[in-house]
Protein chains: 2
Amino acid sequence: MSKCEQCIISEFSTLKSLSKDDLKNISYHKDSIDFKKGDVLFSEGTIINGVYCIKEGVCKLSRLSANGKEQIVRFIKGGDMLGYRSVLSEEPVSLTVTALKDLKACYIPKKEIFDAMKSNAKFSMDMIKTVCHDLKDANMAITNMAQKSVKERLADTLLFLKETFGLDKDGYLDIILTREEFSSVIGTATESAIRLLSGFKKKGLIALDGKRVKVLNESELIRISQGF
Amino acid sequence: MSKCEQCIISEFSTLKSLSKDDLKNISYHKDSIDFKKGDVLFSEGTIINGVYCIKEGVCKLSRLSANGKEQIVRFIKGGDMLGYRSVLSEEPVSLTVTALKDLKACYIPKKEIFDAMKSNAKFSMDMIKTVCHDLKDANMAITNMAQKSVKERLADTLLFLKETFGLDKDGYLDIILTREEFSSVIGTATESAIRLLSGFKKKGLIALDGKRVKVLNESELIRISQGF
DNA sequence: CATATTATATGACATTTATCAGTAATTTTC
DNA sequence: GAAAATTACTGATAAATGTCATATAATATG
């Protein structure tokens, strides 16, 4: 089942404005590719010639800072599109994308994207809105990084992960991050992330089981994230 | 001289793809408005129905954080467009815009923008590229905020201000910020910003004359901004 | 399954940054 | 141009965060 017009993704993502014909046209050109956990889809600085449409799975978008530490800038999940900023602006990719879970993805060559944008004004506007939305989120992230303490940012991150990825069958966050990855989301030393997680556990705000994290007291996490 | 087709801005900004006809059409609808230093052009949360095209002057784009402190997210100068993210995505403005210098600006109703985008694919792509470029900058800012120390961020900011706004006739940065504004760019307490500026002055990296700042040792500031 | 490797955890300490208090300088207002 | 208000500065101290060292647990590898 590699036909775009049958793919559920097209119903709720940026692709939703494409007609059956558009999608049929794309499905001739796209390749369905699966990635394994840990695979790198794009690397910082690379030139790409198409986008990935993620059907299922989770990725991290990160950049290497001057001091060599990884900074996770954003997460991507099923239904999201990857690499469109680079394709639209015809610049190299600015972030490295790594699979955090096994991925099901489709590759759409940039020509298909541009053709669809030319022939379908609504799709074009949806693409613009997607970029605009990401820009708004990024501006918010700048403020959070600049003004919140590490503890506040950790609380924020836990709430964000719960909202974005939901819970698994046992009520744990349905995304697995190492302590080091936690530290590169919130921008702190790994030891600090570990200590703060232990601290939250001690206060009964979260439960920890290996790398799995369960939110126990959401309202208190909200209070903390707002600086109380 | 309120005719868009004569305005120099149209030659080097996102508007450069518009034809003489497009510009003539816009000039019937636009109002030329001047703002004084300190004036607020948009407020966080407001719904706007057009963009400002800045002919001359400087603005700060800021947001109020949960703890009530202002965070300056970005600067805008002559040739830049304001409010386009909100107009394109049909959402309220997410940042407050304040004039730091007297402004000469033109107001372009959103209808004109959308019409021009429909009729002129090149203009449409230029708008997209503008958003994409801003998004890339914002991602970079997230990394800098998360991983650089306050001192590194101050060095960064000084270099950025020099590159973006250039120098006045005496060789000082051609933008005047209060110490508090410095602190809300780099995301720190005002006292810390003051101390760090004094520290840079003591080391001969910069000269201070009231609110005016002159970069004396650029290469050392670059070293500092990179964490040495 | 034994060993090597990596991830997590914790303590001690250094450094960075924030906060509070108070003064001096500058700018605004009348 | 004097008084009031704001902004800039400085010191003392507290709090947050980073670094280094080391131990333990978990995971990977042959």
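On a predicted model such as this, the values are computed, not experimentally measured, just so you know. Proteins come first, then strands; the chains are lettered A, B, ... in the order of their sequence lines, and each starts at number 1. Because only heavy atoms are used, hydrogens play no part in the values below, and waters and symmetry mates are left out as well, while side chains stay in.
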| Does a side-chain heavy-atom distance below 4.5 Å link A:Glu218 with A:Leu159? | yes
| B:Lys203 side chain to B:Ser198 main-chain N or O, any donor-acceptor pair under 3.5 Å? | no
| request: For the pair A:Asp134 (side chain) and A:Val131 (backbone), establish whether a donor and an acceptor sit closer than 3.5 Å, ignoring hydrogens and angles. | output: no
| query | Short question: side chain of A:Thr46, backbone of A:Phe42 - any donor-acceptor pair under 3.5 Å? | reply | no
| Near-strand residues of residues 139-157 of chain A, defined as heavy-atom separation under 4.0 angstrom from DNA chain C | none
| Which residues in residues 180-199 of chain A have at least one heavy atom lying under 4.0 Å from any atom of DNA chain C? | A:Glu180, A:Glu191, A:Ile194, A:Arg195, A:Ser198
Donor-acceptor pairs under 3.5 Å, side chain of residues 139-151 of chain A to any protein atom, not counting sequence neighbours: which ones?
from, atom 1, to, atom 2, distance (Å)
A:Thr143, OG1, A:Asn139, O, 3.1
A:Thr143, OG1, B:Arg63, NH1, 3.3
A:Gln147, OE1, B:Ser65, OG, 2.2
A:Gln147, NE2, B:Glu70, O, 3.0
A:Gln147, NE2, B:Gln71, OE1, 3.2
A:Lys148, NZ, A:Asp156, OD1, 3.4
A:Lys148, NZ, A:Asp156, OD2, 3.1
A:Lys148, NZ, A:Ser225, O, 3.0
A:Ser149, OG, A:Glu152, N, 3.2

| With sequence neighbours left out, what residues match B:Gln226 under side chain to side chain contact (heavy atoms under 4.5 Å, CB included)? | B:Ile222, B:Phe228
| Taking any atom under 4.0 angstrom from a heavy atom of chain B, which nucleotides of DNA chain D are the first and last to qualify, 5' to 3'? | D:dT7 to D:dA12
| said: Within the 3.5 Å criterion, strictly below it, is a donor on B:Thr178 or B:Glu180 matched to an acceptor on the partner's side chain? | reply: no
| Contact check, side chains of B:Lys136 and A:Ser89, non-hydrogen atoms, under 4.5 Å | no
| message | Could you tell me if the side chain of A:Val185 sits less than 4.5 Å from the side chain of A:Phe160, heavy atoms only? | response | no
| Are any of the side-chain heavy atoms of A:Ile54 and A:Leu82 separated by less than 4.5 Å? | yes
| Is NZ or CZ of A:Lys60 both nearer than 6.0 Å to the six-membered ring centre of A:Phe75 and within 45° of the ring axis? | no
| request: Verify side chain to side chain contact (heavy atoms under 4.5 Å, CB included) between B:Val215 and B:Leu205, making sure each step is shown before the conclusion. | output: CA-CA 6 Å; B:Val215 171; B:Leu205 307 177; over 6 Å; no
| note | Angle separating the five-pair end axes of the helix from C:dC1-D:dG30 to C:dC30-D:dG1, nearest 10°, is 60°
